[in-house]
J.: 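One structure coming up, written as structure tokens, with questions to follow.
Atoms within a ligand are numbered from 1 in the order they appear, just like the ligands themselves.
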Amino acid sequence: MKNFDEAIAQKGLELPLVEEFYSLQGEGYHTGKAAYFIRIGGCDIGCRWCDSKMSWNPSLHPLVSIDVIVSNALKTAANAVVVTGGEPSLFNLKPLTEKLKVHKIKTFIETAGAKPLTGNWDWICLSPKRQSPPDESFYKIANELKVIIYDDEDYHWAEEVASKVNKDCILYLQSEWSRYEQNIPAIVNYVKAYPKWNVSLQAHKFMHIP
Ligand code: SF4
């Protein structure tokens, strides 16, 4: 990955901040709940349909101290922070989560599971990508599995990863956004046929919020 600074990533005291904002969660188990979002730069998984391509190169984003990030979150009424990316597992997130915990902020993460997770998390959403399978450690700790359906091959991938996660992990299928109209009928039928799955909608996109 271009200009990825391993030393900075390992310290976790500054993070390449793509954006931060207060909104509602739009996907998965916590849909509809308010949260402060922190999008960290850096990802080399290369999903062709990625809607966060601006996050791929971490050097394009300012390194921001976690003290500043936490104080910005505290200016809102948020009681939960969602750390997303990019691929946040590339960074040591222990310092960030410790600071959030001091302020009794719940810590949620959205990750493809590229590297073993650091930090103290209240909710782990694993969204694995088939071209870059997650670190095996995530299967035991994921609270939620969210598989993006782009084409039919993704159903096989969904079943493969679902067979590995812990028994309490909640299973979601979510259409890739640009294919929502064409994919959703098949996803609905799939969930009816295999009711261990749930549908996740990108509700924030329907609400026209970030
Ligand atoms: S893992 Fe996430 S950020 Fe990385 S390319 Fe795929 S969708 Fe984009």
J.: Considering only NZ, NE, NH1 and NH2 on the basic side and carboxylate oxygens on the acidic side, decide whether Asp122 and Lys101 come within less than 4.0 Å.
T.: yes

J.: Is Lys115 paired with Glu87 through a side-chain N to carboxylate O contact shorter than 4.0 Å?
T.: no

J.: If I only include protein atoms of type N, O or S, how many are less than 2.8 Å from atom 4 (Fe) of ligand 1?
T.: 1

J.: Mind checking what makes salt bridge (charged side-chain N to carboxylate O under 4.0 Å, His left out) contact with Lys99, not counting sequence neighbours?
T.: Asp67

J.: Which residues pass the salt bridge (charged side-chain N to carboxylate O under 4.0 Å, His left out) test with Lys94, sequence neighbours left out?
T.: Glu98

J.: Under 4.0 Å between a side-chain nitrogen and a carboxylate oxygen: does that hold for Lys205 and Asp51?
T.: yes

J.: Donor-acceptor pairs under 3.5 angstrom involving side-chain atoms of residues 195-203: please list them, not counting sequence neighbours.
T.:
residue: Lys196; atom: NZ; partner: Glu159; partner atom: OE1; Å: 2.7
residue: Trp197; atom: NE1; partner: Glu159; partner atom: OE2; Å: 3.0
residue: Asn198; atom: ND2; partner: Leu171; partner atom: O; Å: 2.9
residue: Ser200; atom: OG; partner: Gly28; partner atom: N; Å: 2.9
residue: Ser200; atom: OG; partner: Gln174; partner atom: OE1; Å: 2.7
residue: Gln202; atom: NE2; partner: Glu27; partner atom: OE2; Å: 2.8

